[in-house]
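Nothing fancy with the numbering, it's 1 onward along the sequence. We use all heavy atoms of the structure for the numbers below, so side chains are in, but hydrogens, waters and symmetry mates are not.
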Amino acid sequence: MRQVSCDVVLDEVACRSATRCTAIEAAMHTMRIRIVDDETRAETLMNMLHAMDGVAQVEEVPLSPARFNGDGADHAVSHIEVAVADGAAAQRIRVFTASTAMLRGASAEFVDRFGIDNP
């Protein structure tokens, strides 16, 4: 069984431009999740997250595609951002995502940002 990281770092949602920034966006938190599983299962998880209470938005971040073949199966790395209303919603998302990943034999990592420091 794979180990699943359950550390969550919440950030204020960064507004992309001052004209688009609303009070709702400023009050939201963003969770960043890196999922290692096949693409279909990652997409299914995203659909499940959309339906949860307190979730405002779920989207996959388009980064360079990463794939590996660690246990005989072809796995993709998906980077998902989830905008949540509050800490309680973030806790529900964290528990749900970590549990779902473990049940599916996948890996879920909660990171503060995607990029070179956190590939």
Side-chain angles (χ1 to χ4, degrees):
M1 186 173 284
R2 290 196 181 137
Q3 190 172 15
V4 177
S5 171
C6 290
D7 296 315
V8 177
V9 179
L10 298 176
D11 289 340
E12 289 291 322
V13 172
C15 297
R16 291 176 181 49
S17 72
T19 57
R20 288 181 29 189
C21 185
T22 66
I24 293 172
E25 287 176 323
M28 293 283 163
H29 296 279
T30 300
M31 298 179 68
R32 291 174 183 86
I33 310 166
R34 186 178 298 119
I35 302 287
V36 179
D37 202 350
D38 68 46
E39 291 173 350
T40 304
R41 288 184 178 169
E43 202 170 293
T44 300
L45 175 65
M46 289 177 58
N47 289 334
M48 291 174 168
L49 292 173
H50 271 291
M52 294 185 71
D53 287 339
V55 174
Q57 181 176 348
V58 178
E59 66 180 56
E60 188 168 6
V61 177
L63 297 174
S64 299
R67 304 189 78 75
F68 71 94
N69 187 337
D71 58 0
D74 189 30
H75 296 286
V77 179
S78 300
H79 299 89
I80 301 169
E81 286 188 341
V82 183
V84 296
D86 55 29
Q91 178 67 13
R92 286 191 304 274
I93 298 305
R94 181 177 57 87
V95 170
F96 175 80
T97 302
S99 300
T100 301
M102 276 196 265
L103 289 171
R104 294 176 180 260
S107 175
E109 181 182 12
F110 298 88
V111 298
D112 59 342
R113 65 185 185 134
F114 302 125
I116 295 171
D117 295 338
N118 267 327

| message | Determine whether Thr30 and Val82 satisfy the following criterion, side chain to side chain contact (heavy atoms under 4.5 Å, CB included), listing intermediate values before the conclusion. | response | CA-CA 6 Å; Thr30 300; Val82 183; over 6 Å; no
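With values rounded to the nearest 0.5 angstrom, Ile93 atom CD1 is found 9.0 Å from Phe110 atom CZ. Distance check: Glu39 CD to Ser78 OG gives 6.0 Å after rounding to the nearest 0.5 Å. Atom CD of Glu43 and atom CG of Asp37 lie 12.0 Å apart (nearest 0.5 Å). Glu109 contributes atom CD, which lies 9.0 Å from atom CZ of Phe114 (distance to the nearest 0.5 angstrom). If you take CG on Asp53 and CZ on Arg92, they are separated by 6.0 Å, rounding to the nearest 0.5 Å. The structure places CD1 of Ile80 at 6.0 Å from CD1 of Ile33, a figure rounded to the nearest 0.5 Å.
Thr100 has its side chain within reach of Leu45: a pair of non-hydrogen atoms, C-beta onward, lies under 4.5 Å apart. With contacts defined as side-chain heavy-atom distances shorter than 4.5 Å, the pair Val77/Ile35 does not qualify.
Cluster membership for Val95 and Leu49, using ILVMFWY side-chain heavy atoms within less than 4.5 angstrom, is not shared.
Shown here for Ala106 and Val36, the closest heavy-atom pair between the two residues is CB-O, 3.4 Å. Between Val61 and Glu81, the shortest heavy-atom contact is CG2-CG, 3.5 Å. Nearest heavy atoms, Arg113 versus Arg32: CA-CD, 3.7 Å. Met46 and Glu60 get closest at one heavy-atom pair: CE-N, 3.5 Å. Shown here for Ser107 and Ala101, the closest heavy-atom pair between the two residues is C-CB, 4.3 Å. Closest approach of Arg94 and Met31 over heavy atoms only: N-CE, 4.0 Å.
In this view, Gln57 and Glu59 satisfy the side chain to side chain donor-acceptor pair (under 3.5 Å) rule, not counting sequence neighbours.
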